[in-house]
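Accompanying notes for the structure given below.
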Amino acid sequence: MGEAPTRTDFPALLSSVDPFGSYATIDIDQSVYGDVAVFKAAYWFTDKYYLYLSRPEQGKTRVEIRHKLADNKSNLEEICKQFCNSLIDFRVRQFVLGETAEIRDKLVTKAFFEGQKRLLESDINSNEKNIPSPGSSYLSDELGINAWGKNDSGAPKGS
Amino acid sequence: MGRTEFLPLQHYSHVADGGYSLLPFRFLHETSGTYLLVNEVGEFITLSEQEFQQLIEYTLNPDSSVYLNLKSKHFLVDMQSSAHFEVLASKFRTKKSFLEGFTKLHIFVITLRCNQSCPYCQVSRQNEDAGGQFDIKIDALKRSIDLMLRTAAPQITMEFQGGEPLLNFETIKEAVRYTNERNSNIGKSIDFVVCTNLVPLTDTHLDFFKTNNISISTSLDGPAYLHDKNRPLCGQGSHSMVERGMRRAQEALGKHSVAALMTTTKESLKYPKEIVDEYLRLNMGSIFIRDLNPYGFAVKTAQATGYSTEDFISFYDKVLNYILQINRSGITFSESFASIILQKILTPWPVGFVDLQSPSGAGIGVAVYNYDGDVYASDESRMLAEMGDSTFRLGNVLENSYEEIFLGETMQTIASASCNEALAGCSDCVYQTYCGADPVRHYATQKDIFGNRASSGYCKKNYHIIDLLMNLIRTGDKDIERIFWAWIHHEDVNRMKFTDEALCQ
Amino acid sequence: MPIKLFARGVGTYPSDRIIAKITTNGIDDIDKRADYTYLVRNDQSISAEESNFSGYAAILFEGQSHERTFPRSSVPCIHGLGDLSHIRDGYIVGIEPRTGYLRILYRQDSQNNTIFATDSCNSNCLMCSQPPKEVDNSELTKHHLRLIALIDDAPKAIGITGGEPTLLKDGLIEIIASLKERLPQTHLHMLTNGRLYAYEDLVRSLASVGHGDFVSAIPLYSDVASHHDYIVQAKGAFDQTIQGLYNAAKYGLRIELRIVLHKQTIPRLNNLVSYIYRNLPFVSHVALMGLENMGYVKKNWELLWIDPVDYASELESAVRYLFLRRMNVSIYNLQLCVLPRSLWKFARRSISDYKNIYLDECAKCDLREECGGLFKSGESRHSRAIKALRVNDLATIAVADPSAPDNNRSSGW
């Protein structure tokens, strides 16, 4: 890490020194990594580093990282690279969270409040039609489970 | 005859357009490049980098075994069958069912007086002859018992603590008598435990414990040179007295009625093997490797007893390794914290351990009735109060109602930070399902009930131990597997051997 | 010893099915004769006097029909039933007087009595040993209740099977209630696919009968729906059975799971036992069962057959998985000589007496008494590993394969 701002082999990474010591800057494309992913990644670095997040221009998130302890000799560039990798994982986590948040709410609701509630096809890709609706009776057998070969083409009609 | 034209598998496995949906899970991108996935009900699976990419890009081949495995373990769902939401919800409910019935562990601080002066005392003691103002009063005791019996749980544990509770034995007798009398028409199943250093133990005590089916929990830090350093008894070492007490108690009450807790001090870190050997020598079947809590006198004497989380972790690793080695040689001996985590990872059953559950145990799983009538959300809450911070005081048995104490403002505050599902750092953590939340500890260490996970010792320690066990589960040999299941079932490791014993007849 | 449960003679009497108890000596009290059928042995001389036969439910004649003359009687008669020496006094039989068909329904000296609830089924499993027939279920409940009423000892156990017993719907509830009423001490074991258990009210009704010792034995062939549905040839079957199992757990019905081992179930066997432990830990027993070469199995041989010695490692790890988790697990229908020794203690003598055989090779085996033997249908086709075991050899094996810690890597938990 030099005296003047230095570009590293990482295009988005810049290191420099100010009166408070050396620090590194990462510029992040907001369209690739949403703010939540950036914050979540940053959170885990708050133990050993000071982080400052800003928006230098529309569509960009800037992260400044500096050591908490002046005598910390670990390489800031390495830390920034770790941060970048961590961003990827958190972006994927956000994706999975987004894809499953609704179903998770429904799961908790069903588990603790509405045991009888069924899923709708719009809730999730699944086929609840094989299971009788709550409250239906085996005597009327709305699904025709007792019929031989029901749902299987070429089967004889029910007995 | 029946329909003898059979339809092929494709007829049943055809997935209509629309592919699959993901079910909630959390993951860890491992340094080896693989991904560890864990879902809400504690099932886990390891995927290669490519499999993981395909999973989240919705391009997995529905006929591949990884697809079927993910579906079977409830990581994805498709149109070809129902989501088995019923099953998933029921599993989830089961995993969280430790909540049912509310508070199960009720701790009674019979007296603050103690005959020992341990430098790290987590309880903030008073001298043995300090006098009656540090003993619980009968009206506070009875009112506390009344409150305890109001909890919905059909099975509860009533624990007598101190100080050294045997210094106030008459009150223990009265507490047991009154509890049994009141419970006779309530009908709860109650386990009684006395937490004692065993120094004052007499035959009178043992007779009473035997008659009333009371078990003993004591403290044993290791061999004499370590134990006595940790727990000085005005002038003489206490180890020999603990040993004598344990042997007498084991003889009088049976091996399983005597449990021991160890506390890790800076001195302990040097003796991982010796500590375990001492437990074996004293005929104990397990050990609970506990780190020093940031409460009580421990904080004041941090220079003498303190160590970093990293120190503790490396100590824990050594102890666990040694214990596994012992089990491999055919001796059954378990580490209790590991057993708890293993149950969480490997079984579908709920595990309600107050220090490692979400919602956290404070107030919900445990209540502490202090000698002065105050009720605390946990033993740690009481220690904080002894240090002058009564943040987690729920109320007083002589002044407040059950509702005011257990559903009051303090309880609400604790509850707001007690679900790791909603805590920063925890919400994305792959091990969230197996871990817990501890607002009281985070308050004590970080002055914030929510806490900062990046610098939390609780987080670092639990993450490490869960990770350690998870890796042993995933890469361990059949002996490790057998040993772990023996611990989970409290079974002899040799009886868990799957060998070709001759036919029994 | 295998026993013939069926016989066919000549009958022309226009009456519906009769269920009655065998007597060979006659019953003096005419009023009690309605519960009995008089079995006339081949060598027995009988007087043609009608009064000797009046009041019986039916008369059965051993031997060939042309060998003797028969009394004129208003009681239904079946002749030419051949050798019935295995039928004893007190056995309960079903008789079709129109067709001359005789079936043994109950043997007081057997542990394997089963009520065949119906021949119809709503599934059509690839390996069904008794392929379903479309039958009219409307009269069956009545017959079964009659059978139960005639049992006058207290058997240890009775099975209910089919076809699919739940197709009798509320009739099944009546049958179980009657068994509870008449034979409260008798263990009741019902083979059902559990699909109709998906209706909560059926399970609630079954549970409310309050039979103290009733087990539903339900097959589960895969942890993934499509594979299970394919094996039972019914779409939605997996979903319904799983839902049914959850309903059973909710109402506290005891459940045994049955897994038939064949080429279609072996590949995911270990995923299946893991699914069972994680999702269905409440089941009281898991039975892993060798294939019976009957019914559809003969037709689907290529699709199904895999020699048990070739799936020993899958079976061993599945059993070990359940054993470590304290699940109650058994192996049915497989011979000790085809199993790894580690599995011997899980093998049960499971084959019903009337179709249980041993091969010539078995006569030389020192463990014949401990072994469950084979199905009669296994006589022609069985594992290539069938071989008499000698105690001396076993000792050698034990030395070569000590019960030392098994240090091979686990196959994943």
Side-chain angles (χ1 to χ4, degrees), chain A residues 36-37 39-49 51 68 85-86 88-121 123-132 134 148-149 151-156, chain B residues 2-3 5-7 11-12 15-16 18-29 35 37 39-41 52-53 55-58 74-86 88-97 99 421 424-425 427-430 452-456 459-460:
Chain A
V36 180
F39 273 97
K40 284 186 169 179
Y43 182 80
W44 285 102
F45 288 81
T46 58
D47 180 21
K48 297 199 177 93
Y49 308 94
L51 289 97
K68 270 190 179 175
N85 269 1
S86 174
I88 299 175
D89 287 342
F90 276 104
R91 184 185 177 278
V92 177
R93 289 194 178 100
Q94 278 315 106
F95 172 77
V96 173
L97 204 64
E99 294 286 288
T100 60
E102 204 178 324
I103 200 72
R104 190 182 181 283
D105 287 348
K106 291 205 157 69
L107 177 68
V108 176
T109 312
K110 183 175 173 68
F112 296 108
F113 305 106
E114 301 171 14
Q116 294 274 297
K117 194 170 177 174
R118 281 284 149 77
L119 291 177
L120 302 173
E121 252 178 64
D123 291 334
I124 194 169
N125 260 324
S126 100
N127 181 5
E128 308 293 306
K129 289 183 207 121
N130 294 330
I131 305 174
W148 186 14
N151 289 334
D152 286 282
S153 55
Chain B
R3 171 163 59 81
E5 249 170 58
F6 299 99
L7 297 171
H11 174 77
Y12 300 94
V15 180
Y20 58 87
S21 298
L22 294 177
L23 289 170
F25 66 84
R26 281 166 285 272
F27 70 86
L28 171 66
H29 189 177
Y35 286 79
L37 283 66
N39 67 12
E40 302 287 340
V41 292
F52 185 79
Q53 287 309 324
L55 170 68
I56 61 167
E57 285 163 8
Y58 295 103
H74 292 115
F75 286 91
L76 65 82
V77 64
D78 62 34
M79 281 299 283
Q80 182 236 95
S81 65
S82 84
H84 285 300
F85 217 55
E86 204 77 30
L88 201 54
S90 161
K91 277 163 89 174
F92 189 57
R93 194 165 46 234
T94 303
K95 270 285 178 192
K96 292 285 184 190
S97 61
L99 291 170
E421 288 86 344
S427 67
D428 291 302
C429 177
V430 66
N452 174 280
R453 239 60 53 201
S455 56
S456 155
C459 172
K460 200 170 284 173

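Just so you know, these numbers use all the heavy atoms, side chains as well, and skip hydrogens, waters and symmetry mates. The chains referred to below are lettered A, B, ... by the order of the sequence lines, with proteins before strands, and numbering in each begins at 1.
- Side-chain contact between A:Thr46 and B:Ser455 is absent, with no heavy-atom pair separated by less than 4.5 Å.
- Here CG of A:Asp89 is found 10.5 Å from CG of B:Asp428. Values are rounded to the nearest 0.5 Å.
- Using a 4.5 Å cut-off between heavy atoms, B:Lys460 touches chain A through its side chain atoms alone.
- Only the side chain of B:Ser427 comes within contact range of chain A, judged by heavy atoms closer than 4.5 Å.
- The closest side-chain heavy-atom distance from B:Phe25 to A:Thr100 is not below 4.5 Å.
- Separation of atoms CD1 (A:Ile103) and CG (B:Leu22) is listed at 11.0 Å; rounding is to 0.5 Å.
- A:Tyr43 touches chain B through backbone and side chain together, each having a heavy atom under 4.5 Å away.
- Residue contact with chain A, scored on non-hydrogen atoms closer than 4.5 Å, involves the side chain of B:Phe52 exclusively.
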*Take B:Glu421 and A:Val108 through the test side chain to side chain contact (heavy atoms under 4.5 Å, CB included) and record every step on the way to the result.*
CA-CA 12 Å; B:Glu421 288 86 344; A:Val108 176; over 6 Å; no

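- Judged by distance alone, the side chain of A:Arg93 and the main-chain N or O of B:Arg26 form no donor-acceptor pair under 3.5 Å.
- Interface residue A:Phe90: only side-chain heavy atoms are found under 4.5 Å from chain B.
- Taking CH2 of A:Trp44 as the reference point, atom SG of B:Cys429 lies at 6.5 Å (rounded to 0.5 Å).
- Note that NE2 of B:His29 and CD1 of A:Ile88 are 8.5 Å apart. Values are rounded to the nearest 0.5 Å.
- Expressed to the nearest 0.5 Å, how far CG of B:Leu88 lies from CZ of A:Arg104 amounts to 11.0 Å.
- With a 4.5 Å cut-off on non-hydrogen atoms, B:Phe75 does not touch chain A at all.
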